[in-house]
Protein chains: 2
Amino acid sequence: MTTEERRRPDARPRAFEEVLARIEERITADGLTVGDRLPGERQLAEQLGVGRSSVREALRVLETLGVVASQAGRGPDAGAVLTSRPGNALTDLLRLHLGLATLSMREVIDTRLMIEQWAAARAAAAPPPAASTPAASTPAASAHTATARMAEAIAAMDAAGDPAEFVEHDIAFHLALAEAAGNRLITAVMRALRDALRRYAVDAVVRLGDTGGLQDDHRRIHRAIEDGDAGAAAAAVAEHLARAYPESGRDS
Amino acid sequence: MTTEERRRPDARPRAFEEVLARIEERITADGLTVGDRLPGERQLAEQLGVGRSSVREALRVLETLGVVASQAGRGPDAGAVLTSRPGNALTDLLRLHLGLATLSMREVIDTRLMIEQWAAARAAAAPPPAASTPAASTPAASAHTATARMAEAIAAMDAAGDPAEFVEHDIAFHLALAEAAGNRLITAVMRALRDALRRYAVDAVVRLGDTGGLQDDHRRIHRAIEDGDAGAAAAAVAEHLARAYPESGRDS
DNA sequence: GACCAAATATGGTCAGACCATACATCCTGG
DNA sequence: CCAGGATGTATGGTCTGACCATATTTGGTC
């Protein structure tokens, strides 16, 4: 009975939390968006009546959450700039909690299965609306629709020389699949899941030996999406994941 | 072309990043787990050859990710203790990126739909294995299986006096639904989604006026899960979410 | 033995200093 | 007038040292 509700439910907020709240307030109130700059650390400290270290801790939190990125030096790009990188936070979150055994590999794999089935069905049901993703997600993909990148990834996997290389393109394939659904939140989660499973995936490929079956699955998924057959797409994904992760990860 | 790849891809790591790596290394290497204590900030600083402020920034990051919790004072519970609260990080992540317009409400709602359909089907397919959740998720739920809590939430919604109260129990219902699937990662994501949508949900209830339809849905979902009918459970969830969020959230 | 006061360990915060970096500015030479 | 380098300066990154707040531990006192 010693450790019972040991949080800080009340407790007056710490200085950096106040800074955090004020910065967030400023973001929503002033309508700040990606690319805008925050005041310098010293200036912010003075404005909010706190020490610079408290400001720094708040900025560190925001950086962890993928909301700001700091750059030293001078000029338009220096200082704390608002960004939008939720992916790193999710990746760190998964890695650390997997390390702490808070999450099991099985749970991560099941989550991935859920996302991919959903994304495949969704991508098949809704054809790419002209310019793929509306907002800034992957600025590099202009003429590249997600399905086209899936096809490229399949070809690259055919040409891959070793398991590690195969997995890299496999990651690209499944990421493109998630992006095809056009949901940035799910894309970010998918990216984090794949990062967490990267090593695991290499082992799986090595264990299988032959990647022919996997490639057959990939082609079937791709075709089902292009044909607009949501049911077939989801089924193909389920088969594929079952082949890649056959009941493994029964730990915990 | 001014802002092109402005990250810090190389750049020698900052001190707090080194601290972060060493702490994570220690966690995995020494097999530290929830409840274990880290050395004090001063001691850690000396061990790693950095200033205390760098240690503090690293701890702030870990706290943001829900891996440690710090407590002042003295005694067994003081200091930085390893915890496991991935939920807060996800909630903050969603809230901030919604504020930055990196994510749209529609994307969040669609993600929620995906999770609930999956969870309902999963919960229906796999009956509760005796003691619901194995690890520490909601320590209060000992004799309470997830489905039992769903029934309780339905009753509480019937008795609710105002929309805010109704939504609170609605949240409990949907959280129990997610927990019924027995995946802690998905439960954590679901909790974050609901927190992000809380205000939105109240508006939706007020707009609907009558909560009878929602309650019918809730009962149908609950019954389908108890009957083990995965298809009916998923369909009921889809209908329910369509009723609650009818094409709204078309922003961005 | 019970109770209260002092010591102490811990995180929280601040102030100031210095370094590294990278753009801005100015000065010089052609 | 322009090109190029030297200097200036604003920014984040880091350390040191100090002090405060809190909560346990310790020890003294009745």
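The figures here come from the full heavy-atom set of this structure, side chains too, leaving out hydrogens, waters and symmetry mates. Numbered from 1 within each chain, the chains take letters A, B, ... in sequence-line order.
Residues A:R60 and A:E63 are paired through a salt bridge, judged by an N-O separation under 4.0 Å between the basic side chain and the carboxylate. Checked for salt-bridge contact, A:R198 and A:E168 meet the test: a charged N lies under 4.0 Å from a carboxylate O.
Residues B:L94 and A:L185 form a side-chain contact, since some pair of their non-hydrogen atoms from C-beta on lies under 4.5 Å apart. Side-chain contact between B:R14 and B:E57: absent, with no pair of heavy atoms (C-beta onward) separated by less than 4.5 Å. You'll find the side chain of A:R106 reaches within 4.5 Å of the side chain of A:I109, heavy atoms only. Between A:V67 and B:T102, every side-chain heavy-atom pair lies at or beyond the 4.5 Å cut-off.
Using a distance-only test at 3.5 Å, with no hydrogens or angles considered, no donor-acceptor pair links the side chain of B:D30 to the main chain of B:L32.
Each of D:dG12, C:dT13, D:dC15 was ranked by its minimum atom distance to the side chain of B:V50; first place goes to D:dC15. Residue B:S70 has its side chain nearest to C:dG12 when only D:dG12, C:dG12, C:dC14 are considered. Which of D:dC15, C:dA17, D:dT24 sits closest to the side chain of B:P76 comes down to D:dT24.
The base of C:dG16 does not come close enough to the side chain of A:R42 for any donor and acceptor atom to sit less than 3.5 Å apart. A donor-acceptor contact under 3.5 Å links the side chain of A:R52 to the base of D:dG13.
Taking a 4.0 Å limit (strictly below) on heavy-atom distances, residues 19-26 of chain A does not reach DNA chain C anywhere.
The shortest distance between the side-chain N/O atoms of B:R74 and the OP1/OP2 oxygens of D:dT25 is not below 4.0 Å. The phosphate of D:dG13 has neither OP1 nor OP2 within less than 4.0 Å of any side-chain N or O from B:S54. Residue A:R56 places at least one side-chain N or O under 4.0 Å from the OP1 or OP2 atom of D:dG13. In terms of phosphate contacts, A:R60 brings a side-chain nitrogen or oxygen within less than 4.0 Å of OP1 or OP2 of D:dG13.
In this structure, A:E57 atom CD and D:dT14 atom C1' are separated by 14 Å, rounded to whole Å. When the P atom of D:dT22 is taken as reference, atom CZ of A:R14 falls 14 Å away, rounded to whole Å. Across the protein-nucleic acid pair, A:Q43 atom CD and D:dT9 atom C1' stand 15 Å apart, rounded to whole Å.
Here B:A45 lies out of heavy-atom contact (under 4.0 Å) with every strand.
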